[in-house]
Amino acid sequence: MSFGKGCHLHLVDGSAFIFRAYHALPPLTRKSDGLPIGAVAGFCNMLFKQVEDAKGDDAPTHVAVIFDYSGKSFRNDMYPDYKANRPPAPEDLVPQFPLTRDATRAFNIACIEKEGFEADDIIATYARQAREAGGRVTIISSDKDLMQLVGGGVEMLDAMKNKRIGIEGVEEKFGVGPERVVDVQALAGDSVDNVPGAPGIGIKTAALLINEYGDLDTLLARAEEIKQPKRREVLIEKADQIRMSRDLVRLDDDVPELEPLEALELKDPDAEVLLPFLASMEFRSLSKRIADTLGVESPDIPEPPAPAASSEEAAAPDLPPIDPDKYERVDTMAALARWTALAAERGYVAVDTETTSLDEMQAELVGISLAVLPGEACYIPVGHKKGGADDLFGSDELAEGQLGLDEVLAALKPVLEDAAILKIGQNMKYDAKIFARHGVKVAPIDDTMLMSYALYSGLHNHGMDTLSDRYLSHEPIPIKSLLGTGKSAITFDRVPVDEAVKYAAEDADITLRLWQSFKPQLHRAQVTTVYETLERPLVPVLAQMEMNGVQVDRDTLSRMSNAFAQKMAGLEAEIHDLAGQSFNVGSPAQLGEILFEKLGFEGGKKGKTGKYSTPADVLEDLATEHELPGKVLDWRQLSKLKSTYTDALQAHINPETGRVHTSYVQTGANTGRLASTDPNLQNIPVRTEEGRRIREAFVAPEGKVLLSLDYSQIELRILAHVAGIESMREAFRDGEDIHAATASEMFDVPLAEMTPETRRRAKAINFGVIYGISGFGLARNLRIPRAEAQAFIDRYFEKYPGIKEYMNDTVGFAKDTGFVQTLFGRKIHTPEINAKGPHAGFARRAAINAPIQGTAADIIRRAMIRMPAAIEGLPVKMLLQVHDELIFEVDEGAVEDAIAAIRAVMEGAADPAVKLSVPLVVDAGQGANWAEAH
DNA sequence: GACATCACG
DNA sequence: GACGTACGTGATGTCC
């Protein structure tokens, strides 16, 4: 078939696929010989997905995968340094390059590369040819260099975000249309590809200039007219360099001797070619999936004799496909007995609950699913109501064909509580709390979400959808397809039982499969100890804390709300008066207009949406010149306190318990910290007097007291330990004021003569170091000139050379291995650490911070895990954790005993796994409310 | 749903 | 020499 009108050509940027696949997957190797094949596996998956996704109305008629030819291109003849900044490809990726070509051909897709040309040039050439022939083109890539090709039937598709990029998308990115993209790129340059461009000019400025003068040649010809002296000089002096840059970025759309378009026609893969290739790679599950799709028998891939393997793809046994139609609906006690017997026989069972709410404290149990083997799963409905989504009011009557909740729980309880049967769940804390409310204590447990967290923190989130997609290549039935969204959403008890069976049992099936995949991984990744000592045992502790809840006094909050509302109304009137007009004070956009246009203040910066930005520090500066900004700041503070705290907290008081029950997300922070949600009780105000009063509403019941115990300077102590800073360790051992001690050492001031200002600066630097300090950041924080801030930092590193060394070592380790570690072995992955551009700075600082923040998080986790045993027998309940602080409720008479017991656990929490060279010190407070206790 | 803002350690 | 810059979170309101 010749290429012409009505044809649709897909051009896949092969190199982008390879790199994405490489970074997305753990380093898999071929089981039989250890050949690295992770990128090939990911590449095949993506290619297959691409082919499958493209079926339908908009299907391509022609497809090609375009690769870069290794080696130099014609651009290096123009400019020898072109792409000279590129690091070499990772060692274990190099042997995979030719395999991805083989894979492409095995899929029966045209595989194109050409010596002396980059993939982009070939893509440009084909795009032009296809356009001229009257066809359409989709370029599967997000590379901005390709944006110059968009238009006239050519579009890009960002496969990652599944977003199409047309002319508008290009304008959004470059501020000009596709035909002027090269002009903008020529001016802005590109640090990744080492295109020089015009120094000092970025994309924004470049677009501005091009839009004003029409095109680059006109701009350069009329450069004399430009008002800004710097820009004018650069454009005149660097004109040749800019023209050369344009030649570098302009794609060559006339690559000679390419395969003709006709040769790219899409053909079905030949099973006789493709399957043997996949078999040779030992991709078992992918072979199976593809064989199923092609409707042929999947090849038998023999297991190699050696058991050593690190490829889950290869290691996965031949699993039955996930098929929701095969799950069993359990509606007789005999059937239920059969399932409990199966669980007992195997010694493990995956469990999942379906309920009416995400709030475990209020959710009603609707059904329970179990899985004992991959593909063998059931659902036990107990609380489904009659009448489906169409029934406006539904019915409170139970649907037919369900066992009673009580009899089901009675039958399951012996299994769920049996120490010899492992209960496997995805986010088991949720299900355990549901069961706990029905008097069932689920134990022992394993949790696939936590396994994923121990294995892959920093790489991706740990929700079931993500895990299923990544590790089982399967997209579970979306809950939205059952419940709908928004206002019309129904609760799970309104879902027809037959649909619920498929969804719920599939979740248990997936959980079981994930568990089988993760279990051996833990050991290989050497995170078994992390999982067993820092993750798994924390689940019951957090569940208990959440169920305990904290008493919050509604009247106190309500009174404060009213007072805030009154003050806000007064401020609002004053603000409108000062502005000379009425506007929404809560709208930064409207406020920006008033400040920077109507009132004419200087220094208004616009954000990415083109609106003025009005954060607190900007308003603080303006407050010296005008009354309005200060009033807005006051209004904002009150607005925050009212909406986020005094109002929202009241809504979170549980009607049954009269207390507020937060949820901790154990996998919420990459570093090992917890996150608190619904409501977040880890950000209750404390820094301002007015805010702190909110804490007065967190109270102890009659006859009890709130205790707060917090680690003093735990992160700095950890820094002193890991970086081996002897003088700082000594200061901690001697119980000195650490910031004053730092100041004394840095500025050669005796402790006795320390001024608050000097101490404040040292404190800012101490914190800055933990965050991966920069001169700019410190300067902004201390509001001092950048040079001065940099001088402080230099001085600090001079005094504490161990810190510089620690930073370099940590970043080096991250670059080599892709992760950093806490003292307790927790891994935090840093996939961006070898990236180029602004990402790199963030990744670098995060890598420096993660072991410190993470070690502190590990220590308090250890304390929390040991706490129940330590306070056993005392009238004490652990209620809350705020990163370095634990809050307890205790009988008045037992305060001293409780503090002693808790402090001992917290101060000794690192032992015996890690011997710290600095003491851990815990401060304690008590009172009738949290404000007093803190 | 993205963005800006601000609460905490 | 410029770039863009402290680390980790969650909740709220506005605006499209």
Side-chain angles (χ1 to χ4, degrees), chain A residues 188-189 191 196-205 230 234 458 486 584-592 606-619 632-633 636-637 639-645 647-649 652 662-665 668-688 691-692 694-695 710-711 713-715 764-782 786 789 793 828 836-854 856-857 860 881-885 934:
Chain A
S191 57
I201 292 182
I203 287 185
K204 288 262 165 71
T205 313
K230 269 201 179 153
V234 162
N584 186 344
V585 184
S587 163
Q590 293 180 30
L591 175 67
K606 292 191 178 179
K608 53 179 93 171
T609 45
K611 305 258 169 49
Y612 287 109
S613 165
T614 62
D617 54 343
V618 170
L619 296 187
V632 171
L633 283 170
R636 277 191 188 167
Q637 197 199 1
S639 163
K640 183 82 174 184
L641 293 176
K642 183 172 185 304
S643 67
T644 310
Y645 300 104
D647 289 351
L649 274 175
H652 277 288
T662 184
S663 287
Y664 289 103
V665 189
N670 289 339
T671 52
R673 274 194 179 179
L674 303 177
S676 160
T677 65
D678 306 301
N680 181 355
L681 295 186
Q682 291 182 321
N683 71 347
I684 304 302
V686 69
R687 291 175 187 171
T688 65
R692 193 156 47 235
I694 308 248
R695 295 188 171 216
D710 69 289
Y711 284 107
Q713 305 291 0
I714 187 166
E715 292 192 357
I765 300 174
N766 274 335
F767 276 110
V769 165
I770 292 173
Y771 298 149
I773 200 158
S774 73
F776 181 93
L778 183 67
R780 198 174 56 174
N781 186 287
L782 285 175
R786 193 169 159 179
I793 294 172
I828 297 118
K836 291 276 170 189
H839 293 316
F842 284 106
R844 205 187 95 85
R845 293 189 294 271
I848 290 169
N849 174 259
I852 300 171
Q853 188 183 115
I860 198 166
Q881 188 250 42
V882 192
H883 309 309
D884 63 357
E885 174 187 14
H934 187 73

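Atoms considered below: every heavy atom in the structure, side chains included; atoms not considered: hydrogens, waters and symmetry mates. A note on names: the letters A, B, ... follow the listed sequences, proteins ahead of strands, and every chain is numbered from 1.
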Using a cut-off of under 3.5 Å, enumerate the N/O to N/O pairs linking the protein to nucleotides 1-4 of chain B.
none

Write down the distance separating the [atom1] atoms in [N] and [M], rounded off to the nearest Å.
N: B/dC6; M: C/dC3; atom1: C1'; result: 27 Å
N: B/dA7; M: C/dG4; atom1: P; result: 28 Å
N: C/dA6; M: B/dA2; atom1: P; result: 22 Å

Atom [atom1] of [X] to atom [atom2] of [N]: distance rounded to whole Å?
X: A/Gln853; N: C/dC7; atom1: CD; atom2: P; result: 11 Å
X: A/Phe842; N: C/dC7; atom1: CZ; atom2: P; result: 6 Å
X: A/His839; N: C/dC7; atom1: NE2; atom2: C1'; result: 18 Å
X: A/Phe776; N: C/dA2; atom1: CZ; atom2: C1'; result: 13 Å
X: A/Leu591; N: C/dC15; atom1: CG; atom2: C1'; result: 15 Å
X: A/Gln590; N: C/dG13; atom1: CD; atom2: C1'; result: 12 Å
X: A/Ile860; N: B/dC8; atom1: CD1; atom2: C1'; result: 14 Å
X: A/Ile694; N: B/dC8; atom1: CD1; atom2: C1'; result: 13 Å

If we check side-chain contact (heavy atoms from CB on, under 4.5 Å) with A/Leu681, which of these qualifies: A/Thr677, A/Asp678, A/Ile684?
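That would be A/Ile684; it is the only one of A/Thr677, A/Asp678, A/Ile684 passing the side-chain contact (heavy atoms from CB on, under 4.5 Å) with A/Leu681.
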Please determine if a side-chain N or O atom of A/Ser676 lies less than 4.0 Å away from the OP1 or OP2 oxygen of C/dG10.
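No, A/Ser676 has no side-chain N/O under 4.0 Å of OP1/OP2 on C/dG10.
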Check this one for me: any side-chain N or O of A/Asn584 less than 4.0 Å away from OP1 or OP2 of C/dT14?
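A/Asn584 to C/dT14 OP1/OP2: side-chain N or O found under 4.0 Å.
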Is it the case that A/Arg780 places NZ or CZ above or below the six-membered ring of A/Phe776, under 6.0 angstrom from the centre and within 45 degrees of the axis?
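No, cation not above the ring by the 6.0 Å, 45° rule.
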Determine the contact category for [X]: base if any of its heavy atoms lies under 4.0 Å from a base atom, sugar-phosphate if only primed atoms, P, OP1 or OP2 are that close, otherwise nothing.
X: A/Ala789; value: nothing
X: A/Asn781; value: base
X: A/Ala856; value: nothing
X: A/Asn680; value: sugar-phosphate
X: A/Ala648; value: sugar-phosphate

Mind checking what makes side-chain hydrogen bond (donor to acceptor under 3.5 Å, both in side chains) contact with A/Asp647, not counting sequence neighbours?
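With neighbours one apart ignored, the set is A/Ser561, A/Lys642.
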Restricting to side-chain hydrogen bond (donor to acceptor under 3.5 Å, both in side chains), what partner residues turn up for A/Asn766, sequence neighbours left out?
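By the side-chain hydrogen bond (donor to acceptor under 3.5 Å, both in side chains) rule, A/Asn766 matches A/His739, A/Thr742, A/Tyr796.
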Between [options], which nucleotide gets closest to the side-chain atoms of [X]?
X: A/Val882; options: C/dG8, B/dG9, C/dA11; result: B/dG9
X: A/Arg780; options: B/dC8, B/dC6, C/dT5; result: C/dT5
X: A/Leu778; options: C/dG8, B/dC8, C/dA6; result: C/dA6

Could you tell me if the side chain of [Y] sits less than 4.5 Å from the side chain of [X], heavy atoms only?
X: A/Leu778; Y: A/Ile765; answer: yes
X: A/Tyr664; Y: A/Gln682; answer: yes
X: A/Glu885; Y: A/His934; answer: yes

Which residue lies more 5' along DNA chain C, comparing A/Gly586 with A/Ala846 via nearest heavy atoms
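Closer to the 5' end of DNA chain C: A/Ala846.
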When you match A/His652 and A/Arg845 each to their closest nucleotide on DNA chain C, which lands nearer the 5' end?
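Here A/Arg845 is the residue nearer the 5' end.
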Base of B/dG9, side chain of A/Arg687 - is there a donor-acceptor contact under 3.5 Å?
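For A/Arg687, whose side chain was compared with the base of B/dG9, there is a donor-acceptor pair (under 3.5 Å).
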Any N or O donor-acceptor pair under 3.5 Å from the base of C/dT5 to the side chain of A/Arg786?
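For A/Arg786, whose side chain was compared with the base of C/dT5, there is a donor-acceptor pair (under 3.5 Å).
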Taking atom types as modelled and ignoring hydrogens, do the side chains of [X] and [Y] form a donor-acceptor contact shorter than 3.5 angstrom?
X: A/His883; Y: A/Gln853; answer: no
X: A/Arg844; Y: A/Ser774; answer: no
X: A/Thr662; Y: A/Ser676; answer: yes

Of all heavy-atom pairs between A/Ala856 and A/Glu715, which one has the smallest distance, and what is that distance?
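Taking A/Ala856 first and A/Glu715 second, the nearest heavy atoms are CB-CG, 4.1 Å.
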Applying ring-ring contact (aromatic ring centres under 6.0 Å, His included), name anything that partners A/Tyr771, two or more places apart in sequence or on another chain.
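ring-ring contact (aromatic ring centres under 6.0 Å, His included) list for A/Tyr771, sorted by chain: empty.
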For DNA chain C, find the residues of residues 768-775 of chain A with a heavy-atom distance under 4.0 Å and give them by number; none if there aren't any.
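Within residues 768-775 of chain A, the residues near DNA chain C are A/Gly768, A/Tyr771, A/Ile773, A/Ser774.
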Bracket notation of DNA chain C in which parentheses pair within the strand, [ ] cross earlier pairs, and | pairs with another strand (Watson-Crick or G-U, under 3.5 Å)
......|||||||||.
Between A/Arg845 and A/Ile773, is there a donor-acceptor pair closer than 3.5 Å when you use the side chain of the first and the backbone of the second?
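Checking the backbone N and O of A/Ile773 against the side chain of A/Arg845, no donor-acceptor pair under 3.5 Å is found.
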How far apart are the C-alpha atoms of A/Lys606 and A/Lys611, what are their side-chain angles, what is the distance that settles it, and do they pass the side-chain contact (heavy atoms from CB on, under 4.5 Å) test?
CA-CA 5 Å; A/Lys606 292 191 178 179; A/Lys611 305 258 169 49; over 6 Å; no
